[in-house]
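Just so it is clear, the model here is predicted, and its values are computed rather than measured. Throughout, protein chains are lettered first and strands after them, A, B, ... in sequence-line order, and every chain is numbered starting at 1.
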There are 2 protein chains.
Amino acid sequence: MKLTSEEIQQRILKVLHRLGRPAGSSQIAELLRGWGVDLSERSIRLYLLQLDAAGLTQLESRRAGRSLTAKGLAEVEQGPAIERVGFVAGQIDELNYRMGFRLRAGMGTLVVNTTLLPARDEVAALEVVRPVFAARLGMGSRLLVLRAGAVYDVARAAVVPRGKIALVTVCSVSLNGIFLKEGIPITSRYGGLLEFRNRLPARFTELLAYGGTTQDPLELFIRANMTSVRKCEQTGNGLVGASFREFPSVALPAVLKIRDQLRLLGLDGILAVGVPNQPLYGIPVGEGRTGLVVLAGLNPAAALEEAGIAVENRSLAGLLDYVKFPEFRHLNMWTRRGE
Amino acid sequence: MKLTSEEIQQRILKVLHRLGRPAGSSQIAELLRGWGVDLSERSIRLYLLQLDAAGLTQLESRRAGRSLTAKGLAEVEQGPAIERVGFVAGQIDELNYRMGFRLRAGMGTLVVNTTLLPARDEVAALEVVRPVFAARLGMGSRLLVLRAGAVYDVARAAVVPRGKIALVTVCSVSLNGIFLKEGIPITSRYGGLLEFRNRLPARFTELLAYGGTTQDPLELFIRANMTSVRKCEQTGNGLVGASFREFPSVALPAVLKIRDQLRLLGLDGILAVGVPNQPLYGIPVGEGRTGLVVLAGLNPAAALEEAGIAVENRSLAGLLDYVKFPEFRHLNMWTRRGE
DNA sequence: TCGCAATACGGCAATATTGCCGTATTAATG
DNA sequence: CATTAATACGGCAATATTGCCGTATTGCGA
């Protein structure tokens, strides 16, 4: 795909806007990679000079880099929608932008998936879901159960219908938003099925690029009955949903540190971190990048489907506050309290 | 994705090899687009000069363009596998290369899909499949039924097991191969679900890029029960499998002509041809290219699944000779004759 | 408070890519 | 067989991109 000079400028403005703070050419170049713009930082600086001249950006300080001017802001907001609407990659980006989680404070909103199921199956469902979390096949260890009448999707103002309950899980793309706030741009590449053997991840059996699908990969795999999360949890062999991502290799130490913090918050879905510039589970990464495998937030939902419970999944369903999510271990208590 | 100079040279050699005849920079540039190389023809000529100097290519004649030398041939064959193995786009390319169909003669091999189903369901299956072809929702109008013991996949030497029959359909990627032989490089972009309203195609409801999936899109949609081919055939409203492709706009007249010839051969799966450089059903095409929508060869198989017949699909299953495929209208006759 | 280390910038020169154009060659046509 | 039209090539100059490097600024630690 050939991009015109104007398109590149538009995208530079866009990432500056998304970031919400000044940035240097280097950081901008990294962010642009996730948007199909592959230029050196030097080239970015040349574009920035043009944007400066046009009054759309300005040099904030020699240390901080460029920021948007009021005029630049206007340009972004009126400018053409860059996103190929409909593709999952675009939705991920949009939700990451709207999400706000402060790692330091341990609070804020997260991207969530929802799973609707018959209320009468609640007890059985929890019996299925719990061991999946216990086997560490979920995205972190938090889970929320909502009863009929509760709003389960703020954006769409969707309400849990009578006779149903909603199981809300933390979506693994939340991690991208959390890391981005810490200055680390993670790009989601593929959703896929990861084969476990003897409780150890072995290889991806299927991959589906987020940038090339209008349907969430794991939703699709679940509907197609291609997962075997329960088998994996019970025997140590099976196929579970996982996501392949990458980030700039320079950020590796920071990634490991943040991962530890996430563990304490019950948000650790990171299954493996690769070696810089080396393929991870057979999947090559870009120059100067490191691979990352994250477990899918929908794995518990996949287990429900496998168990024959009629579920209706919606990934990337919306945003929800972290504090509302109990640890799965405390679930009994919470569900008894009701909504 | 940044490509090194060597990688670009490798790919130039590769397309020359695949093409199997001399080509000019312009044609090479077109072909390279399908391989993630986006360069002007002038730039290609600069690379060709380097390759000439290295003795890998030579100027065949001022008119015909470059061809591979023996040394160049060796280089391609030893060279690193460029393909991201596993992704469907790579498989499509591989099969296109091996396929040989001469439009002029109306004979040669085609890429096929196979569908295994219980032999006792044969009569019912034909009742389901026939109207799908009659409604022109298949890829052309040809269909082969194989009985137990017949080889249904030459490459894998797979045999139809006892108690089963195999339904063999022409895969829509065969078109790419046919057109390529006529000098028109068609690139398969997306497999998806196309919504019909009142018997007319309206829009794509789902898309899945061939370059970003390891599983055939339509196989996936069928397994996920997302198709409604029968409903479409019966009521004129529904979701059927279709593929979005594009080709260089200059070839438009030739495409239309070839389409007419294909119709006579019962291989017409082309549902719509776009306007040069204009989006087709909402999907934008590249600069200087024209969109094309082709019906999926597996649509009849989708109808079977919808009808509750236990099917096992394998798309891009292998190659089969055109002459073996009867018209679906003559199917009774053929099936009676047995295998 | 001072100095260091880190970071971002932009000058400069080397490449890489592209557009434009005149020329050579050849298939096809009359 | 002569002529025409089409096609491919490569020269040249204009851009675009990149690597390398010295300088300016500033957060942070001593």
Please report, rounded to the nearest Å, how far the [atom2] atom of [N] is from the [atom1] atom of [X].
X     : N      : atom1 : atom2 : value
A:L51 : C:dG10 : CG    : C1'   : 15 Å
B:Q58 : D:dA8  : CD    : P     : 17 Å
B:L48 : C:dT18 : CG    : P     : 14 Å
A:Q27 : C:dA8  : CD    : P     : 8 Å
B:I28 : D:dG10 : CD1   : P     : 11 Å
A:I44 : D:dG19 : CD1   : P     : 12 Å

Legend entry - Partner set under side chain to side chain donor-acceptor pair (under 3.5 Å) for A:Y210, not counting sequence neighbours: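 Listed in chain order: A:S243.
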Inset, instruction - Apply side chain to side chain donor-acceptor pair (under 3.5 Å) to B:Q9 and list each qualifying residue two or more places apart in sequence or on a separate chain. - result: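 For B:Q9, the residues satisfying side chain to side chain donor-acceptor pair (under 3.5 Å) (neighbours in sequence not counted) are B:Q50.
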Legend entry - All pairs passing side chain to side chain donor-acceptor pair (under 3.5 Å) where residues 73-82 of chain B contributes a residue, at least two apart: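 Counting only pairs at least two positions apart or across chains, the side chain to side chain donor-acceptor pair (under 3.5 Å) contacts touching residues 73-82 of chain B are B:Q10-B:E75.
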Legend entry - Residue pairs involving residues 171-184 of chain A (criterion side chain to side chain donor-acceptor pair (under 3.5 Å); sequence neighbours excluded):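 Qualifying pairs: A:S172-A:R245, A:N176-A:S188, A:N176-A:R245.
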Inset, instruction - Can you sort out the partners of A:F101 under ring-ring contact (aromatic ring centres under 6.0 Å, His included), two or more places apart, ordered by chain and number? - result: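 For A:F101, the residues satisfying ring-ring contact (aromatic ring centres under 6.0 Å, His included) (neighbours in sequence not counted) are A:Y322.
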Quick one: which protein N/O atoms are closer than 3.5 Å to N/O atoms of nucleotides 11-16 of chain C? Pair and distance per line, please.
{"residue": "C:dG11", "atom": "N7", "partner": "A:R42", "partner atom": "NH2", "Å": "2.9"}
{"residue": "C:dG11", "atom": "O6", "partner": "A:R42", "partner atom": "NE", "Å": "2.6"}

Inset, instruction - Consider only side-chain N and O atoms of B:S249 and B:R289, and report whether a donor and an acceptor are under 3.5 Å apart. - result: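 Looking only at side-chain atoms, B:R289 and B:S249 do not form any donor-acceptor pair under 3.5 Å.
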Legend entry - A:T69 and A:Q58 side chains, donor-acceptor separation under 3.5 Å: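 No, A:T69 and A:Q58 have no side-chain donor paired with an acceptor closer than 3.5 Å.
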Inset, instruction - Name the residue closer to the 5' end of DNA chain C, choosing between A:S26 and A:K2 according to the nucleotide with the nearest heavy atom. - result: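 Nearer the 5' end of the strand: A:S26.
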List the atom pairs, donor and acceptor, that lie under 3.5 Å between side-chain atoms in residues 260-267 of chain A and the rest of the protein, sequence neighbours left out.
{"residue": "A:D260", "atom": "OD1", "partner": "A:R263", "partner atom": "NH1", "Å": "3.4"}
{"residue": "A:R263", "atom": "NE", "partner": "A:D268", "partner atom": "OD2", "Å": "3.2"}

Legend entry - Distance below 4.0 Å between B:S43 side-chain N/O and C:dT17 OP1 or OP2: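 No, because none of the side-chain N or O atoms of B:S43 sits under 4.0 Å from OP1 or OP2 of C:dT17.
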Inset, instruction - Mind running a 4.0 Å heavy-atom check of residues 59-69 of chain B against DNA chain C and sending the residues that fall below it, in number order? - result: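 Hits under 4.0 Å, by residue number: B:S61, B:R62, B:R63.
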Inset, instruction - List in chain and number order the residues that pass side-chain contact (heavy atoms from CB on, under 4.5 Å) with A:R63, two or more places apart in sequence or in another chain; answer none if no residue qualifies. - result: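 A:S61.
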